[in-house]
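The sequence lines fix the lettering, A, B, ..., with proteins before strands; numbering per chain opens at 1.
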2 protein chains.
Amino acid sequence: MPLQNPTRQAPITAADKVFEQLQHAIVEGDIAAGTKISEPELAKKYEVSRATLREAINRLEKCHLVERQANIGARIVECSVEGLLDLYITREALEGMACRQAAANMTDEEIVQMQSMLAEHAKAKELQEGVAYYQEEGDLDFHYKVILGSHNQQLINILCGQLYHLLRMYRCQFGMNSPRATRAFDEHSRIIDAIADRDGELAEILMRRHIAASRKNIEKKIAQHKLQQHNEDK
Amino acid sequence: MPLQNPTRQAPITAADKVFEQLQHAIVEGDIAAGTKISEPELAKKYEVSRATLREAINRLEKCHLVERQANIGARIVECSVEGLLDLYITREALEGMACRQAAANMTDEEIVQMQSMLAEHAKAKELQEGVAYYQEEGDLDFHYKVILGSHNQQLINILCGQLYHLLRMYRCQFGMNSPRATRAFDEHSRIIDAIADRDGELAEILMRRHIAASRKNIEKKIAQHKLQQHNEDK
DNA sequence: TTTGGAGTTATTGTCGACAATGTTCGTGTG
DNA sequence: CACACGAACATTGTCGACAATAACTCCAAA
């Protein structure tokens, strides 16, 4: 079962439901990146009026999954390497600060809960299939908890409400199942320690290094990929 | 004349125009914070249909100036002290990173342009009325330039597209004309020096301290205000 | 007096149709 | 043959009306 965004609210209106379906389809790549959205076509497909569909598109725009131009229409965002790196840099700044705030603002209960969550993940990791699991759910789960722990509504809105959908999209489209699972787990562990110690400065530094390490890992892969392509061309 | 958001695009549709008018009215406080938006009423006032008005409301929601609840409606956001501090903390993280990126990515031309801008401000500051000027336009002008200089679309979108409208709203509503003008000017000056030196690490630190100083100044004022109220009550 | 519920009113959500703008295709002219 | 212009088509923007939901009022019963 897929991990739900903790800030997500139950779908109430028809527009809510169409939004969720479209969001899923875009993130998973069922609708190709860069595709132009045809309002009449999609309205027919989901059996709603254009007004309802447009409402759904507006929400997609809010989480940066589509871009609209006046009198022209909406397109699914393109997944570029630059876009991915921009995203990671932004995350580094925001989650670093969220982590610092979490160290200051999380309740003791929240910290205990997060520690037990990590212990669960550790157990799951022992199992062979657990490694794969940790990459997907466990990682998001951890980051969500830290962000919510900041108790800063701005940070929560931007990270959980907007950027994380985009991040999931990139992860799907670029097939990112990095071999950083074990190392990432250790890093998570140390971050929690820093939060438990109420050491905001260290917590921020560790979170930034954690995300920066992911980014550099991606950059390395891209470089290798390009090199490989270059050799093939010869 | 008010400084325009550099990422703003010319209004094309009727919804664009209504959005800009509403945005201005909300930021300036012509529509009180916390007010519930009545779609029929505003549609009548701006002489557009409800569909057009709803489109405008959606954009206001994108820059966090209103909040919507399904089947209930939209309200202008409340300006709370916590909200203001959350905003400054988020800015500290984002603009700090933007500043680091600016040091790495700004072109030499952009840097020269920014330096000359500051020189202009310095001249204006000499004049008596210039001090007031620098608080409003000059400050925003500087921060915009740094953000754009990051060449990071995510940072630009979030800061210029979303947070800065909220910031202007808080500044208007709380009547923030702090006496930090001269000091802020010096801080800006040093930040530009760091960028010109291509010293990203220092640039980030200085920008964070610059914003943190504003935040602490606000916190101090709030504390004084509370103390004063407390004494009055006695 | 207060509380609970039924009926009324107002507001939001959704719909189909029309107007305005963009796009495409074909034709004519240089 | 290339280019420009114009007509036909498709898409988006806007509108007014209806359906669904929430808010309010008023009355009755505890």
### Task
Go through the structure and list residues passing side-chain contact (heavy atoms from CB on, under 4.5 Å) with A/E82, not counting sequence neighbours.
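By the side-chain contact (heavy atoms from CB on, under 4.5 Å) rule, A/E82 matches A/S80.
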#### Entry: Sequence-distant partners of A/N58, side-chain contact (heavy atoms from CB on, under 4.5 Å), two or more places apart
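side-chain contact (heavy atoms from CB on, under 4.5 Å) check on A/N58 returns A/E61, A/R68, B/E55, B/N58, B/K62.
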#### Entry: chain B footprint on DNA chain D, 5' to 3' - any atom under 4.0 Å from a heavy atom
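First-to-last contact on DNA chain D, by the 4.0 Å heavy-atom rule, is D/dG13 to D/dA22.
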Just to verify, what does [X] make a side-chain hydrogen bond (donor to acceptor under 3.5 Å, both in side chains) with, not counting sequence neighbours?
X      : result
B/Y144 : none
A/R50  : A/E39
B/R100 : B/E204
A/D16  : A/T13, A/R59

By salt bridge (Lys or Arg N to Asp or Glu O under 4.0 Å), which residues pair with [X], not counting sequence neighbours?
X      : result
B/E67  : none
B/R8   : B/E20
B/E219 : B/R215

Distances under 3.5 Å between nitrogen or oxygen atoms of protein and nucleotides 9-12 of chain C:
| residue | atom | partner | partner atom | Å |
| --- | --- | --- | --- | --- |
| C/dT12 | OP1 | B/K36 | NZ | 2.9 |
| C/dT12 | OP1 | B/I37 | O | 3.1 |
| C/dT12 | OP2 | B/E39 | N | 3.3 |

### Task
Output the residues of residues 56-66 of chain B in contact with DNA chain C, where contact means a heavy atom of the residue under 4.0 Å from an atom of the strand; sort by number or write none.
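The stretch gives none, as no residue of it lies under 4.0 Å from the strand.
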